[in-house]
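Every number for a ligand or one of its atoms is a count from 1 in the order of the listing. Note that these values count all heavy atoms, side chains included, but never hydrogens, waters or copies made by symmetry.
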Amino acid sequence: MKNFAFTVSAIAMLAGGAAHAGPEAEVLHWWTSGGEAKSVAVLQQEFAEKGGEWTDMPVAGGGGDAAMQALRARVLSGNAPTAVQLKGPAIQEWYEEGVLADISAVAEAQGWADVLPASIAGHMQCEGTWCAAPVNVHRVDWIWANADVLEANGIAMPTSWDEFNAAAEKLQAAGIIPLAHGGQAWQDATVFEAVALGILGADGFRKAFVELDEATLTSDEMIAVFDQMRTLRGFVDPNFPGRDWNLATAMVMNGEAAFQIMGDWAKGEFLAAGKAPGEDFLCASVPGEGFLYNVDSFAMFEVGGDDKQEGQALLAELIVGKNFQKVFNLNKGSIPARTDVALDDFDSCAKLSSDDMAASSEGGSLLPSYAHGMALRGAQSGAITDVVTSHFNSDMTSEDAVAQLAAAVANSM
Ligand code: GAL
């Protein structure tokens, strides 16, 4: 039976190889929720329209931790996928391992340097060459709310954490789950960094999560961040452990819960379910100044074979193409990475994101998300998230949490 199966698949492979001469790509990504799948389908379709053969390798798991484990296993076994959803300093880490393909020819032909903001272009470059192609800008520091639930309870979108806490207590008394949350380490980290931005301010956030400054990591303000995390822990329902982020979004959609603190991929879920911003759901940046950005991108791994290399070049070209940047981001909840895509067809949350990004870039408060792998290398961000999640899931004091935070960061260097 085994031999037979092998023979059949070997024949199929030969037949497939013979039948298709042209761009090929095996694409590793973690876009498996409703909104995400709709978004990646745009790229699949454009690739197919250009004669490309796409082999999909989705690895479920929000935030991409499982996808990154799958990637490591594939590269270690000498069989890297051709294109991989990869972002932030992980791009440069893989480059240093000598496994990334150089896509500078496409970048130069398309003039990426002229259409991407410098802050984004920097993430896509490795020692002067282009080593990744950006698809979007997600904002992380958002609060989403069910419009009807807020109205029925006489609550406005909170503009401070005190207001948030007061609203949450009122909702809880009315039998509504105040905060929809999924207890997975990356979701804890997402909420934590949004709270931290509000309480530490942009400079404090940068010192803590970009520069890893010990005094900031152990400051009274950081103690206040953990205090607020403890307060938020009291606003989630008992079934939160392990819940996927999109199921938490669904709780807000159906009115079981009032708020979710999550990046704007959550908007992709609302939109995929036919919900309208301003009517069915509301968006607001979390209390405080600043903008936490999370840029999704694809890196190409060095592979042999003309068809695969052609596929990589085609993908890179399509990804930064104007049409893709528009249609993909309309579905994904994010805004285009390119600065020359008109936002006329985008909704009010996307326009707010774009305006706030420009203003925070001017004002020096545009910051990389640590929770989504934009600010730090994996060892450091992992060390921080371990402390955040063990604090959230125990009765650890805020004082102990900051002490552990500083120690974990020091050990990770
Ligand atoms: C983020 C990623 C988003 C979205 C989210 C949930 O890290 O940048 O595109 O997919 O995870 O999976």
Side-chain angles (χ1 to χ4, degrees), residues 27-43 56-71 83-91 120 123-124 132-142 144 180-194 209 242-250 252 260-272 291-299 319 324-325 327-337 349-350 353 357 367-378 381-382 384-385 388:
V27 186
L28 173 67
H29 62 89
W30 65 88
W31 287 331
T32 56
S33 76
E36 290 174 328
K38 226 177 139 184
S39 311
V40 74
V42 176
L43 188 56
D56 205 30
M57 196 190 167
V59 180
D65 294 339
M68 291 302 99
Q69 273 172 25
L71 171 63
V84 176
Q85 186 188 349
L86 196 66
K87 56 188 177 157
I91 298 169
I120 295 183
H123 285 291
M124 307 298 138
V135 299
N136 63 2
V137 182
H138 270 305
R139 182 181 199 172
V140 179
D141 49 313
W142 285 111
W144 306 95
H181 181 63
Q184 297 173 346
W186 74 272
Q187 293 186 63
D188 298 340
T190 301
V191 173
F192 173 76
E193 74 172 353
F209 303 115
R243 175 187 290 137
D244 288 331
W245 67 271
N246 52 321
L247 300 182
T249 309
V252 177
Q260 182 181 20
I261 299 170
M262 186 50 63
D264 43 22
W265 45 95
K267 194 184 71 187
E269 294 305 294
F270 285 111
L271 297 179
F291 185 111
L292 296 181
Y293 70 84
N294 169 27
V295 174
D296 284 311
S297 47
F298 281 86
I319 285 170
F324 171 75
Q325 292 260 325
V327 182
F328 173 88
N329 285 303
L330 280 170
N331 288 313
K332 189 71 171 68
S334 35
I335 55 174
C349 306
S353 179
M357 185 177 164
L367 293 158
S369 156
Y370 114 76
H372 290 274
M374 297 304 299
L376 298 168
R377 298 205 161 210
S381 58
I384 296 171
T385 298
V388 168

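Between F209 and F192, the ring-plane angle classifies as perpendicular under the 30° and 60° cut-offs.
A donor-acceptor pair is defined here as one N or O able to donate and one able to accept, closer than 3.5 Å; no such pair exists between the side chain of D296 and the backbone of N136. With hydrogens and angles ignored, the 3.5 Å screen pairs a side-chain donor or acceptor of S39 with a backbone N or O of G35. Not one N or O on the side chain of E193 forms a donor-acceptor pair closer than 3.5 Å with the backbone of S369.
Residue K87 approaches ligand 1 through these ligand atoms, each under 4.0 Å from one of its heavy atoms: 1 (C), 2 (C), 7 (O), 8 (O). Near N294, with a cut-off below 4.0 Å to any heavy atom, the atoms of ligand 1 are 1 (C), 2 (C), 7 (O), 8 (O). Listed by atom number, the atoms of ligand 1 under 4.0 Å from W245 heavy atoms are 6 (C), 12 (O). For ligand 1, the atoms lying closer than 4.0 Å to a non-hydrogen atom of G63 are 6 (C), 7 (O), 11 (O), 12 (O). The atoms of ligand 1 that sit less than 4.0 Å from any heavy atom of K332 are 3 (C), 4 (C), 9 (O), 10 (O).
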Using the rule given for side chain to side chain donor-acceptor pair (under 3.5 Å), can you reason through S334 versus N329, listing the C-alpha separation, both sets of side-chain angles and the distance that settles it, and then say yes or no?
CA-CA 5 Å; S334 35; N329 285 303; 2.6 Å; yes

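Checking only distances, H372 does come within under 3.5 Å of ligand 1, N or O to N or O. At under 3.5 Å, a nitrogen or oxygen of D296, whether backbone or side chain, sits near a nitrogen or oxygen of ligand 1.
Applying the side-chain hydrogen bond (donor to acceptor under 3.5 Å, both in side chains) test between H138 and each of H372, K87, K332 identifies K332 as the sole match.
Taking only non-hydrogen atoms, the option from H138, E36, H29 nearest to atom 4 (C) of ligand 1 is E36.
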